[in-house]
Amino acid sequence: MSSGFVEYLWEGLLVTLQLTVYGAALGLVFAFAAGLARLSGSRLLRGIAFLYTEIFRGFPALVLLFWLIFVIPAFGYQLDPLFAGTLALALNIGAYAAEVVRGAVQSVPSGQTEAAIALNFTPAQRMRKVILPQAVVAMIPPFSNNLIELLKATALVSLVYLPDLTFAGNLIRNATGDTTAVFLGLLVGYGVIALIFTALMRWLERIASRKLGRQVPPGAIARIFKRQSAEPQGV
């Protein structure tokens, strides 16, 4: 592979990682805002959060991307393509993750809240010191799934000519005609990135759990190596 193709791939990989990380960060903001608003005592906030989650879970990310890239400029506004891609992905994944936030907060035993009330904690203190630390641990595994879905969805931006990893792969395929090798390389590349993100989320889950005095069961890879090391030698 020529140095020019390698440069294309590195630039594409950088754009893919930027879309994933920026989209996850912005999606997390949407998720917490909407998830906590769904639990608010205000009907207005609950209504706005409900509309957000239902609408953006129903919108295909690709159609939303086309709107931000091709339709919004018709009204006189031109978004930066990277920002438009990040926003489309974040709005979509944030709507799914909002339900994760809501479910995790509701899963905290009510006795914890009652104990905090007995200690005269304000609602904000109860959420910050008692409920969220426990809920966040429960959120991390489903957030890991959302993150992988977000990574896979970044390939959509190649359809609006944003030079991500898939776009770079298509350029190389058009130049070399080697379809099998290029798409096999893309599959391996996305798979490796997904494994790295999964390992990072697992590490975060362990840290969060230890702060609560809990133990997280070992992952699949750790179980495989543990089982192999436990086998008797020379049998």
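All of these numbers come straight from a predicted model, not from anything done at the bench.
By the 4.5 Å heavy-atom criterion applied to side chains, Tyr96 and Val100 are not counted as neighbours. The closest side-chain heavy-atom distance from Val15 to Glu11 is not below 4.5 Å. The shortest side-chain heavy-atom distance between Phe121 and Thr113 does not fall under the 4.5 Å cut-off. Looking at Leu19 and Leu82, their side chains come closer than 4.5 Å, going by heavy atoms from C-beta outward. In this structure, the side chains of Phe167 and Val160 stay at 4.5 Å or more apart for every pair of heavy atoms. Contact annotation: the side chain of Ile148 never approaches that of Tyr190 to less than 4.5 Å [non-hydrogen atoms, C-beta and beyond]. By the 4.5 Å heavy-atom criterion applied to side chains, Leu89 and Tyr22 are not counted as neighbours. Between Ile131 and Gln112 there is no side-chain heavy-atom pair separated by less than 4.5 Å.
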| request: Give the intermediate values and the outcome of side-chain contact (heavy atoms from CB on, under 4.5 Å) for residues Leu39 and Val101. | output: CA-CA 10 Å; Leu39 301 171; Val101 172; over 6 Å; no
| message | Please determine whether side-chain contact (heavy atoms from CB on, under 4.5 Å) holds for the pair Thr16 and Leu151, giving the CA-CA distance in whole Å, both sets of side-chain angles, and the decisive distance to 0.1 Å. | response | CA-CA 8 Å; Thr16 294; Leu151 168 66; 3.9 Å; yes
| field | Evaluation steps, side-chain contact (heavy atoms from CB on, under 4.5 Å), between Leu204 and Phe143 | value | CA-CA 11 Å; Leu204 285 177; Phe143 275 171; over 6 Å; no
| Criterion side-chain contact (heavy atoms from CB on, under 4.5 Å) on Leu132 and Phe32, from CA distance to verdict | CA-CA 11 Å; Leu132 275 184; Phe32 270 91; 4.2 Å; yes
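Other cluster members for Leu187: none, since no ILVMFWY side-chain heavy atom sits under 4.5 Å from it. Through chains of ILVMFWY side-chain contacts below 4.5 Å, Trp67 is grouped with Leu26, Phe30, Leu51, Tyr52, Ile55, Phe56, Phe59, Val63, Leu64, Leu68, Val71, Ile72, Phe75, Tyr77, Leu79, Phe83, Leu87, Leu91.
Residue Thr86 holds its OG1 atom at 10.0 Å from CG of Leu65, rounded to the nearest 0.5 Å. Taking CG of Asn145 as the reference point, atom CD1 of Ile93 lies at 9.5 Å (rounded to 0.5 Å).
Both Tyr8 and Tyr161 are assigned to one and the same hydrophobic cluster, defined by single-linkage of ILVMFWY side chains at heavy-atom distances under 4.5 Å. Phe50 and Ile48 fall into different hydrophobic clusters, defined by Ile, Leu, Val, Met, Phe, Trp and Tyr side-chain heavy atoms under 4.5 Å apart, directly or through other members. At a threshold of 4.5 Å between side-chain heavy atoms, the hydrophobic network of Ile, Leu, Val, Met, Phe, Trp and Tyr places Val29 and Leu147 in two separate groups. In the hydrophobic cluster analysis, where Ile, Leu, Val, Met, Phe, Trp and Tyr join through side-chain heavy atoms closer than 4.5 angstrom, Val108 is grouped apart from Ile117. Cluster annotation: Phe5 and Leu14 are assigned to distinct hydrophobic clusters (Ile/Leu/Val/Met/Phe/Trp/Tyr, side-chain heavy-atom contacts under 4.5 Å, transitive).
Pairing each heavy atom of Ala84 with each of Ile69, the nearest pair is CB-CD1, 3.5 Å. The heavy-atom pair separating Ala98 from Ala34 by the smallest distance is CB-CB, 3.7 Å. Smallest separation of non-hydrogen atoms from Leu150 and Ala24: CD2-N, 3.3 Å.
With Glu99 contributing its side chain and Ala95 its backbone, the two residues share no donor-acceptor pair below 3.5 Å. Between the Asn92 side chain and the Ala88 main chain, no donor and acceptor come within less than 3.5 Å of each other.
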